[in-house]
Each structure stands twice: as C-alpha cells, then as structure tokens.
Colleague: 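One structure follows; several queries about it will come next.
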Amino acid sequence: MKKDFLWGGAVAAHQVEGAYQAGGKGLSAADVMTSGTRYTPREITDGVLEGKYYPNHEAIDFYHHFREDIDLFAEMGFRCLRTSIAWTRIFPNGDEETPNEEGLRFYDELFDYMLEKGIQPVVTLSHFEMPYHLIREYGGWRSRRCIEFFTRFAFACIRRYAKKVKYWMTFNEINNQILVDNPIYAFTNSGILFREGENREEVVYQAAHYQFVASAMVVDFASQWDSELMVGCMVAAQPFYPYSCRPDDILEAQRENRKQFFFSDVHVWGEYPSYIRKYWERQRYSLDIMPEDLEWIRKGTVDYVGFSYYYTSVVTTEEDIERTGDLNAAGTNTVDNPYLQASDWGWTIDAKGLRYFLIELQDRYRIPLFIVENGLGSYDELQDGQVDDQYRIDYLKAHIQEMIKAVEIDGVDLLGYTVWGCIDPVSFTTGEMRKRYGLIYVDKDDDGNGTLKRYRKKSFAWYKKVIESNGESVWEP
Ligand code: BGP
C-alpha cells in the first residue's frame with residue numbers, strides 16, 4: 001500500500017464518549033434510545049425516562065479516558081482515528097446562535113492529544129447525534145431550518161479545527177434511512193419519527209434533500225476556508241447479490257443497489273439522476289426542492305466517498321425462498337446467502353464482497369475512497385485478563401487482503417482503512433455492549449456494570465503488525 005496509507009480505527013462520539021450531560025452538552029437522539037437486541041428494536045423514548053436504561057449515557061466514558069485510549073491506539077501505530085463531534089456538545093439545543101465554548105474546548109484537547117501521538121483525526125459531523133430539541137421543536141430534518149442549524153454547527157467546527165483536521169465527513173451512513181421498515185434509521189439519520197398514515201419514503205427523501213443541500217454548503221465552505229481540507233460523504237455499503245441468474249433476480253438486485261447508490265450519486269455527481277426523478281414522478285412524491293438548492297448540490301460535490309462495510313445481502317423475487325426477516329434487512333426480498341457464514345448477529349461474512357464493492361465505487365465515481373468502518377461484532381470472553389479473538393483476526397485479515405487486491409490489482413484509489421469500534425463501543429442498532437468490535441476490550445456489560453478497565457485483545461498485537469508492515473503481514477500464514 002502507498003506509504004501514507006491511513007491505517008487506523010473508528011468510533012463515534014455517542015458510542016464511546018458517555019458524559020452525556022457534561023460540559024453543557026444537550027440531549028441527542030442517541031441519548032433517548034434504550035438498549036435492545038438483535039431481534040428486539042431499541043426503544044425511542046420522549047426524552048430520558050425514569051427506570052429506563054440508556055447505554056449511551058456513560059458508554060465507555062471515553063470523555064474521561066481518551067488520553068489512555070489514545071495511548072493504546074498509538075501503541076498499535078494508528079495513523080488516524082475516525083470519530084464524530086457530538087453536535088450537542090457544540091450546540092446543546094441545536095438552534096442557538098453561538099457555540100458552547102466548553103464543548104469546543106473538549107475537542108481541542110482530544111485532537112491536540114491525538115496529534116501529539118501522531119494520530120490524524122478523521123471527523124464525522126453528523127453521526128446519529130442530532131440535538132433532541134431539534135427533533136421535538138422542528139421535527140428534525142423534516143424542517144428546512146435544519147440546513148441553517150447544521151451548517152452553523154459544521155462551519156463552527158471547521159473554523160475551530162481546520163488546522164487539526166484535514167478529513168471531514170458530513171452525514172454518517174446517509175443511505176440507512178431509506179430502510180423505512182425499521183424506524184431507528186430515520187430517527188438516527190434525520191431525527192424523524194414517522195407519523196401514522198404518512199408516506200415514509202417521501203418523508204425520508206425530503207429529509208435527505210435538505211441534507212444534500214447542507215452537505216454541499218459544507219463542502220463549499222471548507223474549500224474556501226482551506227483548500228487542503230477534504231470533505232467526504234459517508235454511506236453504508238449495502239451490496240445486493242441476485243440469488244440466481246434468473247433475469248428477474250438480476251433486475252431486483254440492480255434495483256436495490258440503485259436505491260442505495262442514489263445517496264452517493266447525488267453527493268458525487270451533484271444532481272438528481274433521471275432514475276430517481278422518474279421514480280418520484282411515478283410515486284407522485286412532491287418534495288420541497290428549490291432552484292437554488294440544486295445549484296448548491298451541483299456546486300458542493302464531495303472530495304471522496306467514505307463508507308462502512310460489514311456484509312453483503314442477497315435478494316430474490318422467487319416467493320418460495322425463506323426471507324431472513326432481519327431488522328436491518330432491506331425490504332422483504334432479502335434471503336440468506338447459501339455460500340457464506342454469518343456473524344453471531346446474522347451479518348453475512350463476505351471479504352470478497354469488499355473487493356467487489358470497492359471496484360463498483362471506483363468505476364462509478366472515479367474519486368478517492370475511504371473505508372471508514374469495517375469490523376466484526378461478536379461475543380468476546382475475558383478470561384484472566386485475556387481475550388482470544390482469533391475470529392476477529394481472521395475476519396479483518398480476509399477483508400484487508402481483499403482490500404489490498406482491490407488497490408494493487410484492480411486500481412482502486414483508497415485513502416485509508418479504519419477498523420470500526422477499535423475499542424469496544426455501544427452497538428448502534430442494538431445498543432448492546434456484548435456485540436463487541438474492539439481490538440481493546442472494555443469491562444462494561446449490558447446492565448451498565450463494569451470497571452471500564454481496558455484490556456488488549458489478541459487482535460491488538462496482530463493489527464499493530466499489520467500497520468507496521470503497511471499491510472504486508474496479512475499475507476503471512
Ligand atoms: C454502522 C454505524 C456505526 C456502527 C456500525 C456497527 O451502522 O455507522 O456507528 O454502529 O454500524 O453497527 P452496530 O453497532 O449496530 O453493530
């Protein structure tokens with residue numbers, strides 16, 4: 001890999017920081033979600049209710065442990081760490097005119113310490129942490145006002161941290177919200193609580209439109225503030241394979257893939273492609289799109305495509321094949337892949353799928369790519385201070401091998417690779433601690449108990465070697 005390849009790890013403020021009210025921080029969307037499991041969705045409550053458990057309130061207390069954790073990342077040789085700036089630390093309610101200095105100071109200290117340890121911050125601006133006040137008062141991204149609120153937050157961050165942060169992303173996994181069957185996605189992406197009888201897709205496309213405009217304004221502002229800055233979009237890779245070579249299955253997979261690609265298409269191409277205009281017309285969706293919005297979208301195309309990759313899916317139009325019915329399954333035509341294993345949470349393990357998706361993105365967009373999430377959520381056992389997560393090494397090794405092939409053989413232009421949940425975080429979809437991703441184990445359980453002590457897993461030393469060898473060690477037996 002190129003010598004300045006950005007090996008590192010990734011987390012998100014709401015999944016690690018905790019300290020959900022410290023330093024003047026306001027309530028965020030993540031703060032009002034209880035924990036669930038693979039089959040029981042997280043409950044979204046109206047504010048923080050007595051007697052409910054909210055795992056993100058303390059998370060792993062990164063807010064007070066970040067120096068110790070960054071020391072561990074530096075020990076592995078991280079060249080970058082992706083995290084988010086919690087919107088509600090900077091604008092507690094979201095509609096204030098001026099930012100909260102205490103919140104700004106926290107991220108100054110965090111980024112300064114990272115840089116002191118040779119670790120570049122890679123920053124997501126909106127990672128499921130929208131101010132709850134904006135959700136209650138304005139209906140979240142239903143309201144065009146959120147363009148103003150979000151850009152005020154983003155501009156304040158860029159002005160403050162441009163000298164410390166080169167790589168930015170606007171909306172984390174902006175495409176999740178099109179999976180309207182599971183309300184958690186529209187809520188975490190856009191602060192939207194669906195209402196009885198409304199067309200969920202139409203509401204989501206409207207929110208996404210406002211986000212496209214806001215993202216474009218951030219790209220434009222950043223490029224004027226400092227031309228060295230790179231602002232990317234961020235999508236969840238959701239590659240769909242056809243279950244068979246039946247033409248109907250091929251078309252079904254293509255339809256599902258286009259539904260996902262729509263979001264990065266707009267961010268990269270700077271326009272609404274004909275296929276979506278046809279679809280909106282057929283569905284009779286009437287969206288609030290003004291001519292100046294389209295001008296912004298055209299002007300503010302992103303500098304790179306960041307994406308998360310965990311699994312691939314399979315779709316079919318054949319009725320008699322059993323559907324997975326998974327919470328994060330797209331639509332009703334998703335079936336299991338008979339050729340692949342799945343994780344403990346049913347996510348198909350498909351390393352070759354990463355190479356496939358990298359090539360797809362490279363050919364579609366021809367701009368730099370950045371794998372900002374990849375990892376295995378699994379049950380990890382702490383025994384005598386050790387965690388033997390050989391299965392995680394196997395998963396990461398296989399995915400990094402395919403990533404290297406995509407770069408060295410298939411000509412993919414890749415900026416970096418960050419292991420998701422490099423330190424055990426609170427799971428996003430389920431709110432669980434037991435779904436562990438870390439190269440570092442954190443003593444915290446799903447009832448909120450634990451010493452918060454950190455332990456190096458077996459994968460810690462393995463990943464350190466991967467970085468030291470710039471990827472070469474993944475070819476060793
Ligand atoms: C992505 C999110 C991350 C992270 C990851 C793992 O959707 O961007 O925040 O949570 O998925 O998912 P989970 O935590 O649900 O296992």
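We're numbering straight along the sequence, starting at 1. Indexing begins at 1, ligand by ligand and atom by atom, following the structure's order.
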Colleague: Out of the candidates F128, F171, W141, only one should pair with N189 under the side-chain contact (heavy atoms from CB on, under 4.5 Å) rule; please name it.
Modeller: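 Answer to the side-chain contact (heavy atoms from CB on, under 4.5 Å) test with N189 among F128, F171, W141: F128.
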Colleague: Would you please indicate if the ring centroids of W345 and Y379 are separated by under 6.0 Å?
Modeller: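 Judged by ring-centre distance (under 6.0 Å), W345 and Y379 do meet the cut-off.
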Colleague: Please tell me whether N333 and R255 have a donor and an acceptor in their side chains that are separated by less than 3.5 angstrom.
Modeller: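 No, because no side-chain N or O of N333 sits under 3.5 Å from a partner of the opposite role on R255.
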Colleague: Backbone or side chain, does any N or O of S308 fall under 3.5 Å from an N or O of ligand 1?
Modeller: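 No.
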Colleague: Check each atom of ligand 1 against the heavy atoms of T429 and keep those under 4.0 Å away; list them by number with element.
Modeller: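 Going through ligand 1 atom by atom, the ones under 4.0 Å from T429 are 13 (P), 15 (O).
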Colleague: Heavy-atom contacts under 4.0 Å between S427 and ligand 1: side chain, backbone, both, or neither?
Modeller: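 For S427, backbone and side-chain atoms both sit under 4.0 Å from ligand 1.
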Colleague: Taking the ring centre of each residue, are Y356 and Y309 less than 6.0 Å apart?
Modeller: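 Between Y309 and Y356, which both carry aromatic rings, the centre distance is not below 6.0 Å.
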Colleague: Give the atom numbers and elements of ligand 1 that come within less than 4.0 Å of a heavy atom of K435.
Modeller: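 Matching atoms, with element in brackets: 13 (P), 16 (O).
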Colleague: Could you tell me whether F149 and F91 have their ring centroids closer than 6.0 angstrom?
Modeller: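 They do not qualify: ring centres at least 6.0 Å apart.
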Colleague: So between Q15, E373, R42, whose heavy atom ends up nearest atom 10 (O) of ligand 1?
Modeller: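 Going through Q15, E373, R42 one by one, Q15 has the nearest heavy atom to atom 10 (O) of ligand 1.
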Colleague: Give me the residue, atom name and distance of the protein heavy atom closest to atom 5 (C) of ligand 1.
Modeller: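 So the nearest neighbour among protein heavy atoms is Y310 OH, 3.2 Å.
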Colleague: Which residue and non-hydrogen atom of the protein lie closest to atom 6 (C) of ligand 1, and at what distance in Å?
Modeller: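 Going atom by atom, the protein heavy atom closest to atom 6 (C) of ligand 1 ends up being Y437 OH, 3.3 Å.
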Colleague: N/O of W347 under 3.5 Å from N/O of ligand 1, yes or no?
Modeller: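 Among all N and O atoms of W347, none is under 3.5 Å from an N or O of ligand 1.
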Colleague: Under 6.0 Å between the ring centres of Y20 and Y54?
Modeller: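 Centroid separation for Y20 and Y54: 6.0 Å or greater.
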Colleague: I'd like to check whether F428 has a polar contact with ligand 1, where a contact means an N/O of the residue lying under 3.5 Å from an N/O of the ligand.
Modeller: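 Between F428 and ligand 1 (N or O atoms, distance only) the closest approach is under 3.5 Å.
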Colleague: Looking only at the side chains, is there a donor atom on one of Y391 and D380 sitting less than 3.5 Å from an acceptor on the other?
Modeller: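 Checked: Y391/D380 side chains pair up, N/O donor to acceptor below 3.5 Å.
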Colleague: Any donor-acceptor pair under 3.5 Å linking the side-chain atoms of N374 with those of Y395?
Modeller: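 Side-chain D/A pair, Y395 to N374: present.
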Colleague: Under 4.0 Å from a heavy atom of E173: give me the atoms of ligand 1 that qualify, with their elements.
Modeller: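 The list of qualifying atoms is 1 (C), 2 (C), 7 (O), 8 (O).
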Colleague: May I ask whether M234 has any heavy atom positioned less than 4.0 angstrom from an atom of ligand 1?
Modeller: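 The answer is no, since M234 has no heavy atom less than 4.0 Å from ligand 1.
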